[in-house]
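Quick note: residue numbers are just sequence positions, from 1. In this text the structure is predicted, and so the values were computed from the model without any measurement.
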Amino acid sequence: MNPLHPAHVGAVVRKQLINMGMGARLLWQLLTLMGPALRRPRLIGDQIHFLGNYSLAIIGVSGLFVGFVLGLQGYYILQRYGSSEALGMMVALSLLRELGPVVTALLFAGRAGTALTAEIGLMKAGEQLSAMEMMAVDPVKRILAPRFWAGLITMPLLAAVFSAVGIMGGWLVGVVMIGVDSGAFWGQMQSGVDWWADLGNGVMKSFVFGLAVTFVALLEGYAAKPTPEGVSRATTRTVVVASLTVLGLDFLMTATMFSI
């Protein structure tokens, strides 16, 4: 059929509207299940361990190297204007405002998001979700909700680790390797970083990114076709959709938070 044929266009639009409606309904269910999910802390704790502990290595190593690069590039830029003492403030603001939440969310989507999608998709392909429904157990409440809230809790913690390790990486390059004064590095950072405008907004970003990435991962897994090929495609879509969602939300939130 011609892609521009009205019938084909209508079918595509109808399919997208159905998918959007299913996604909105699932998100509402997950949000309303906060109470029952938090009343089962062991389930959430297991998922926090699964999502956070196994992502900690890549988050820490990536944060360290990002801090190295920020310290090196920041020093060369600030030195032109005789402001190399402000290196600590530049490194901290770059990590707390932008790079910490954004890069952590992208890494979280690639590591934890794909694992969630594959896990839920394989459960669907193995008819485990259908079996739970036959036993009058709601799979959204028992399987998806704990993972959703665990991702929402884990993401800000990982972003904090990323930013802290990145700041230490900037300190190693700027102070230990290049020779910037250590007192000026930390003093400029303390005087230039605002608790709410910088740290608070960064934490808020990480919460929103955690919600977006975890929801996309669960939605793709829950809606995946119950075949190996369907699970594979869903896992790929998770990385693409979650990454683009994070970048789009980052622009909107940055324009809202730091322009007022």
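Val231 and Tyr222 fall into different hydrophobic clusters, where Ile, Leu, Val, Met, Phe, Trp and Tyr side chains are chained together by heavy-atom contacts under 4.5 Å. One hydrophobic cluster holds both Val173 and Val165 under the rule that ILVMFWY side chains link at heavy-atom gaps under 4.5 Å. Under the 4.5 Å side-chain heavy-atom criterion for grouping Ile, Leu, Val, Met, Phe, Trp and Tyr, Val180 is not connected to Val69 through any hydrophobic cluster. Tracing side-chain contacts under 4.5 Å through hydrophobic residues (I, L, V, M, F, W, Y), one never reaches Val213 starting from Val240; they form parts of separate clusters. Hydrophobic clustering of Ile, Leu, Val, Met, Phe, Trp and Tyr side chains at less than 4.5 Å, counting indirect connections, unites Ile44 with Val137.
Put simply, the side chain of Thr117 gets close to the backbone of Ala217: a donor and an acceptor are under 3.5 Å apart. In this structure, Asp250 contributes its side chain and Val246 its backbone to no donor-acceptor pair below 3.5 Å. For Ser55 (side chain) and Leu51 (main-chain N/O), a donor-acceptor pair under 3.5 Å exists by modelled atom type. Formation of a donor-acceptor pair under 3.5 Å by the Thr32 side chain with backbone atoms of Gln29 is found in this model. When atom types are taken as modelled, the side chain of Thr114 and the backbone of Arg111 share a donor-acceptor pair closer than 3.5 angstrom. Proximity of a side-chain donor or acceptor of Ser83 to a complementary backbone N or O of Gln79 within less than 3.5 Å is not detected. Ser62 places no side-chain N or O within 3.5 Å of a backbone atom of Ile59 that could act as its donor or acceptor partner.
Gln47 pairs by the side chain to side chain donor-acceptor pair (under 3.5 Å) definition with nothing, not counting sequence neighbours.
Shown here for Leu99 and Phe162, the closest heavy-atom pair between the two residues is O-CE2, 3.8 Å. Residues Glu98 and Lys205 approach most closely at OE2-NZ, 2.6 Å, considering heavy atoms. For Leu129 against Pro139, the heavy-atom pair with the smallest separation is CD2-CB, 3.9 Å. Leu144 and Leu218 get closest at one heavy-atom pair: O-CD1, 3.5 Å. Residue Tyr54 comes nearest to Phe50 through the heavy atom pair CD1-O, 3.2 Å, listed as atom of the first residue, atom of the second, then distance. When all heavy atoms are compared, the tightest approach of Gly169 to Leu64 is CA-CD1, 3.9 Å.
A salt bridge does not link Glu229 to Lys225: none of the charged side-chain nitrogens sits closer than 4.0 Å to a carboxylate oxygen.
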Report task. Take Asn201 and Arg97, measure what side chain to side chain contact (heavy atoms under 4.5 Å, CB included) needs, and give me the verdict at the end. Result -> CA-CA 7 Å; Asn201 287 335; Arg97 284 186 171 191; over 6 Å; no

Requested in this report: Go through the steps to decide whether Met204 and Trp196 satisfy the test side chain to side chain contact (heavy atoms under 4.5 Å, CB included), and finish with yes or no.
Outcome: CA-CA 10 Å; Met204 189 180 300; Trp196 172 247; 3.6 Å; yes

**Report entry** Verdict with supporting geometry, Arg40 and Leu43, side chain to side chain contact (heavy atoms under 4.5 Å, CB included)
**Finding:** CA-CA 6 Å; Arg40 309 182 77 173; Leu43 289 177; 3.6 Å; yes

Query - Audit row: Phe108, Thr214, side chain to side chain contact (heavy atoms under 4.5 Å, CB included) steps and yes/no - result: CA-CA 9 Å; Phe108 188 74; Thr214 309; 3.8 Å; yes

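For the pair Val175/Trp186, no side-chain contact is recorded, criterion being any heavy-atom separation below 4.5 Å from C-beta on. No side-chain heavy atom of Glu127 sits under 4.5 Å from any side-chain heavy atom of Met132. Taking the side chain as every heavy atom from C-beta outward, Leu72 and Met177 never approach each other to under 4.5 Å. A 4.5 Å side-chain heavy-atom check between Ser191 and Met89 finds every atom pair outside the cut-off.
Ser130 and Lys124 share no side-chain donor-acceptor pair at under 3.5 Å.
More than 12 heavy atoms of other residues, nucleotides or ligands sit less than 6.0 Å from atom CD of Glu133.
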Listing, residues 147-161 side-chain donor-acceptor contacts under 3.5 Å, not counting sequence neighbours, or none:
| residue | atom | partner | partner atom | Å |
| --- | --- | --- | --- | --- |
| Arg147 | NE | Glu119 | OE1 | 3.3 |
| Arg147 | NH1 | Ile143 | O | 2.8 |
| Arg147 | NH2 | Glu119 | OE2 | 3.0 |
| Trp149 | NE1 | Leu30 | O | 3.2 |
| Thr154 | OG1 | Ala150 | O | 2.6 |

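One finds the CE atom of Met168 at 13.5 Å from the OG atom of Ser163 (value rounded to the nearest 0.5 Å). Of the inter-residue distances, the one linking Met90 atom CE with Ser84 atom OG reads 11.5 Å to the nearest 0.5 angstrom. In this structure, CD1 in Ile58 is found 10.5 Å from OG1 in Thr104, a value given to the nearest 0.5 Å. In this structure, CD on Gln128 lies 9.5 Å from CD1 on Ile120, to the nearest 0.5 angstrom. From Leu211, atom CG reaches atom CG of Leu249 across 9.5 Å, with rounding to the nearest 0.5 Å. Atom CZ of Phe215 and atom OG1 of Thr238 lie 11.5 Å apart (nearest 0.5 Å).
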